[in-house]
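Just so we're on the same page: letters track the sequence lines, and every chain starts at 1. Predicted model, so just to flag it, every value in this text is computed and none were measured.
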2 protein chains.
Amino acid sequence: MNKNHRIPYHYLNHLEQSLNVFQPHPPAVTKFFGDHVHLVRLTRDQLLLEAGQVCGHYYFICKGAVRGFIKEGRKDITTWISVENEMVTSISSLDLSRPAFENMQAIEDTDLLAMSNKDLNLLYDTFPSFNITGRLLLQQYYRDAEGRAYISRLRNAETKYRYFLSHYNHLSNRIQLKYIASFLGITLETLSRVRRKLSVQK
Amino acid sequence: MNKNHRIPYHYLNHLEQSLNVFQPHPPAVTKFFGDHVHLVRLTRDQLLLEAGQVCGHYYFICKGAVRGFIKEGRKDITTWISVENEMVTSISSLDLSRPAFENMQAIEDTDLLAMSNKDLNLLYDTFPSFNITGRLLLQQYYRDAEGRAYISRLRNAETKYRYFLSHYNHLSNRIQLKYIASFLGITLETLSRVRRKLSVQK
DNA sequence: GCTCCTATTTGACAAATGTCAAATAATGGA
DNA sequence: TCCATTATTTGACATTTGTCAAATAGGAGC
């Protein structure tokens, strides 16, 4: 994991825009980000966080794709897949400073902006109105998590994949099938068979 | 759904205590709750929210038990089960005022304190520091949702039930097996067989 | 275009879970 | 206590998905 690169201006810009969706922020907040954020570069397959470690950071994906996954026996269960302009972290480990339950891994060469939880709390203290943004961001985070959980609760493999196609279409021709299968909670083989079935029907 | 009852004092008290876990609140906030909250009484099996409706409220369970569930074909999938001193709502429908995806149903005779989303926003505006509480509450909400999603991602019925026993033990001798099975994403019959297997082993 | 490596598909079969029907157990009134 | 109703368990069998092994397809580098 390489840190301490110069941060491309448009990366900060994209982060700012993503946050402004919730409410406008004063320039001082933007400056705060510029001062407290650092760039993390990952090559494909590299781990951003390993289960058992404490995840002390929030990450904003500037470029690339990252997945969260947990180990069940010797298998992976992918819990989420995120791409550029999305935020990722391990919520459960963040505020309790507990060891993370899940792993985070780049599945493409990826650039991230990172802010430590400590700095984030400083941000909340310095700019109380940022708590609103934090709250709204978490609310969105929650809704997204619900959508993912919905897939995992579906019983039928074809239904899962159809849902995936309609809600995550931007990933369907970008992410390897093994990750998609794992995200859907089915095997690669089952996914392959579902795909054939659907392509025949069309 | 009966409203407009006099609110027992200890109900408000329990709500206050639940919120004070996150940070202390000034008496004015407590008063705000007293003025803007109303009591909802449900008998067992009554629906608190039906999918398709807009869920305009946050609820605090004073007494009883409530579940969230979605329809998959003609079957139910229970997504959560909550009991007294827990908050429930349909996050996804709340802030977007979208129709709710899921249903909420009392599975025991239940008393709830309800606050409208409108009043909650007034609370946030009037007492900005309450945004911190809101943020922390959502964070906890999120962690809980992750834990539930974890169960649904496990592939093995016995593993699911063991996890349930260790993490939701307070529900295991209280909630009907049909709801537990539905919460675990397995059939009642499979749950029954898992239970027999575990009881024989002991 | 060829080669190597990886991704994806396919087939045969095993294992887990679901389905449907019925039996038994538990529970809450009269 | 007995009855009626509901909850839970059990059995036989169907269905879906997983497993393992192998074949094919696709891509990157030469």
Side-chain angles (χ1 to χ4, degrees), chain A residues 43-46 65 67 69-78 81 105-109 151-165 171-202, chain B residues 43-46 64-65 67 69-78 81 105-109 151-165 168 171-202:
Chain A
T43 55
R44 191 181 130 151
D45 290 345
Q46 240 186 313
R67 72 175 184 128
F69 68 95
I70 50 184
K71 294 260 181 194
E72 191 199 356
R74 55 203 178 110
K75 287 180 197 163
D76 282 358
I77 304 175
T78 297
I81 300 173
Q105 180 189 35
I107 54 180
E108 296 176 1
D109 291 349
I151 291 187
S152 70
R153 290 186 174 113
L154 293 171
R155 293 149 197 270
N156 179 275
E158 183 180 331
T159 311
K160 284 169 184 264
Y161 186 59
R162 293 195 118 110
Y163 187 91
F164 176 80
L165 286 181
L171 299 180
S172 66
N173 289 309
R174 173 170 174 174
I175 304 297
Q176 286 184 35
L177 292 187
K178 67 175 170 184
Y179 295 129
I180 294 178
S182 164
F183 180 61
L184 300 181
I186 58 180
T187 59
L188 182 56
E189 293 91 336
T190 297
L191 176 57
S192 182
R193 286 174 184 122
V194 168
R195 281 160 57 83
R196 177 167 45 122
K197 190 177 165 199
L198 290 188
S199 70
V200 168
Q201 283 175 1
K202 260 187 272 184
Chain B
T43 55
R44 189 180 132 153
D45 290 346
Q46 241 185 314
R67 73 176 182 126
F69 68 96
I70 50 184
K71 294 260 181 194
E72 190 199 357
R74 55 199 178 113
K75 286 182 197 159
D76 282 358
I77 305 174
T78 297
I81 299 172
Q105 179 189 36
I107 52 180
E108 297 176 359
D109 291 348
I151 291 187
S152 70
R153 290 183 173 111
L154 293 171
R155 293 150 196 271
N156 180 275
E158 183 179 331
T159 312
K160 284 170 184 261
Y161 186 59
R162 291 195 121 107
Y163 187 90
F164 176 81
L165 286 181
Y168 297 86
L171 299 180
S172 65
N173 289 309
R174 173 171 174 176
I175 305 295
Q176 285 183 36
L177 293 186
K178 66 176 172 184
Y179 295 127
I180 294 176
S182 166
F183 181 62
L184 299 181
I186 59 181
T187 60
L188 182 57
E189 293 91 335
T190 298
L191 176 57
S192 183
R193 287 176 182 118
V194 167
R195 282 161 56 84
R196 177 166 44 121
K197 190 176 164 197
L198 291 188
S199 71
V200 168
Q201 283 176 2
K202 258 186 271 180

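Smallest separation of non-hydrogen atoms from B/Tyr179 and B/Ile81: O-CD1, 4.1 Å. The nearest pair of heavy atoms linking B/Asp76 to B/Lys71 is OD1-NZ, 3.7 Å.
Look at CG on B/Asp45: it is 11 Å from P on D/dT6, rounded to the nearest Å. Distance B/Asp76 CG to C/dG18 P: 15 Å, rounded to the nearest Å. Nucleotide D/dA7 holds its P atom 14 Å from the CZ atom of B/Arg195, rounded to whole Å. If you take CG of B/Leu191 and C1' of D/dT10, they are 14 Å apart, rounded to a whole angstrom. For B/Arg193 and D/dA12, the CZ to C1' distance is 9 Å, given to the nearest whole Å. Remark: P of D/dG11 and CG of B/Leu188 are 16 Å apart, rounded to the nearest angstrom. Taking atom CZ of residue B/Arg155 and atom C1' of nucleotide C/dA14, one finds them 17 Å apart after rounding to whole Å. With rounding to whole Å, B/Lys197 atom NZ is found 17 Å from D/dT10 atom C1'.
Ion pairing between a basic and an acidic side chain is recognised when a charged N comes within 4.0 Å of a carboxylate O; B/Arg162 and B/Glu158 show such pairing. Between B/Glu108 and B/Arg174 a salt bridge is recorded (basic side-chain N to carboxylate O distance below 4.0 Å).
With hydrogens and angles ignored, the 3.5 Å screen pairs no side-chain donor or acceptor of B/Gln105 with any backbone N or O of B/Arg67.
Proximity of residues 172-185 of chain A to DNA chain C (heavy atom under 4.0 angstrom from any strand atom) is restricted to A/Gln176, A/Leu177, A/Lys178.
Between B/Arg195 and B/Leu177, some side-chain heavy-atom pair lies under the 4.5 Å cut-off.
The phosphate of C/dG18 has OP1 or OP2 within less than 4.0 Å of a side-chain N or O from B/Thr190.
Side-chain proximity of B/Asn156 to C/dT19, C/dT10, C/dT17: nearest is C/dT17. Each of C/dG11, C/dT19, D/dT17 was ranked by its minimum atom distance to the side chain of B/Glu189; first place goes to C/dT19.
Atom CZ of residue A/Phe183 and atom CG of residue A/Leu171 lie 7.5 Å apart, to the nearest 0.5 angstrom.
Among the heavy atoms of the strands, none lies under 4.0 Å from B/Lys160.
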